[in-house]
Amino acid sequence: MNSPYIDSLVEQIQNNKTKEYFKEVLSSYYSGNYRSAIVMLYTCLICDLVYKLQEMSEYYNDKVSEEILKTINKK
């Protein structure tokens, strides 16, 4: 039950770590491990958000991103 459309969209993910995590999500989903796919998708989403915050902080000197990352690191 693979979806060629979703598989082609995976290649548009720019962050390599996020791309690998999402491939794991698809693998779990295609194997029928739906609960695992949901947990991995949640993890993939959170990691991608953190990676984007880090990128905005490092490359664009975004102060809001820095503050959010500081709050995350405190917790």
Side-chain angles (χ1 to χ4, degrees):
M1 183 167 156
N2 289 7
S3 170
Y5 177 70
I6 293 176
D7 291 338
S8 67
L9 291 177
V10 170
E11 297 308 316
Q12 294 181 11
I13 298 173
Q14 294 185 8
N15 186 296
N16 289 330
K17 291 179 187 177
T18 302
K19 187 183 295 188
E20 290 303 313
Y21 294 156
F22 193 76
K23 286 179 181 179
E24 287 183 41
V25 170
L26 287 179
S27 176
S28 293
Y29 180 78
Y30 292 151
S31 298
N33 299 321
Y34 303 118
R35 196 174 338 165
S36 174
I38 290 170
V39 171
M40 281 299 300
L41 182 59
Y42 179 79
T43 303
C44 180
L45 173 70
I46 298 300
C47 288
D48 190 50
L49 288 172
V50 171
Y51 297 147
K52 286 179 179 167
L53 286 169
Q54 289 172 339
E55 181 178 328
M56 289 174 65
S57 173
E58 292 172 7
Y59 297 115
Y60 304 110
N61 294 320
D62 185 54
K63 300 302 178 194
V64 175
S65 297
E66 289 177 15
E67 290 302 316
I68 294 171
L69 287 169
K70 284 180 186 177
T71 302
I72 291 171
N73 285 329
K74 286 180 186 176
K75 293 184 180 202

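- Linking ILVMFWY side-chain heavy atoms closer than 4.5 Å, directly or via other members, places V64 and Y59 in two distinct hydrophobic clusters.
- Counted within 6.0 Å of CD on Q54, heavy atoms from surrounding residues, nucleotides or ligands total more than 12; the atom is thus considered enclosed.
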Hey, mind stepping through E11 and K19 against side-chain contact (heavy atoms from CB on, under 4.5 Å) and telling me if it holds?
-> CA-CA 8 Å; E11 297 308 316; K19 187 183 295 188; 3.8 Å; yes
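- When the side chain to side chain donor-acceptor pair (under 3.5 Å) test is applied to N33, no partner is found at least two apart in sequence or on another chain.
- When all heavy atoms of L41 and V25 are compared, the pair lying nearest together is N-CG2, 3.5 Å.
- The CZ atom of F22 sits 12.0 Å away from atom OG of S27, with the distance rounded to the nearest 0.5 Å.
- Donor-acceptor pairing under 3.5 Å is recorded for the side chains of D48 and T18.
- The minimum heavy-atom distance linking S65 with L53 is given by the pair CB-O, 3.6 Å.
- From I68, atom CD1 reaches atom NZ of K70 across 12.0 Å, with rounding to the nearest 0.5 Å.
- Remark: the D7 side chain and the Y30 side chain contain an N/O donor-acceptor pair separated by less than 3.5 Å.
- By the rule that hydrophobic residues join a cluster once side-chain heavy atoms approach within less than 4.5 Å of another member, Y34 and Y42 end up as members of separate clusters.
- Minimum heavy-atom separation, Y21 to C44: CB-SG, 3.9 Å.
- When all heavy atoms of Y51 and K17 are compared, the closest pair comes out as OH-CD, 3.4 Å.
- Residues satisfying the salt bridge (Lys or Arg N to Asp or Glu O under 4.0 Å) test with E24, not counting sequence neighbours, are none.
- Annotation: side chain of E66 is not in contact with side chain of M56 (no heavy-atom distance under 4.5 Å).
- When hydrophobic clusters are built by joining Ile, Leu, Val, Met, Phe, Trp and Tyr residues whose side-chain heavy atoms come closer than 4.5 Å, directly or via intermediates, I13 is grouped together with I6.
- From K52, atom NZ reaches atom SG of C47 across 12.0 Å, with rounding to the nearest 0.5 Å.
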Assess whether side-chain contact (heavy atoms from CB on, under 4.5 Å) is satisfied between D62 and S57, documenting all intermediate values.
-> CA-CA 5 Å; D62 185 54; S57 173; 5.7 Å; no
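- Grouping the Ile, Leu, Val, Met, Phe, Trp and Tyr side chains by contacts below 4.5 angstrom, directly or via other members, places V50 apart from L45.
- E20 CD to N16 CG: the interatomic distance, rounded to the nearest 0.5 Å, is 7.5 Å.
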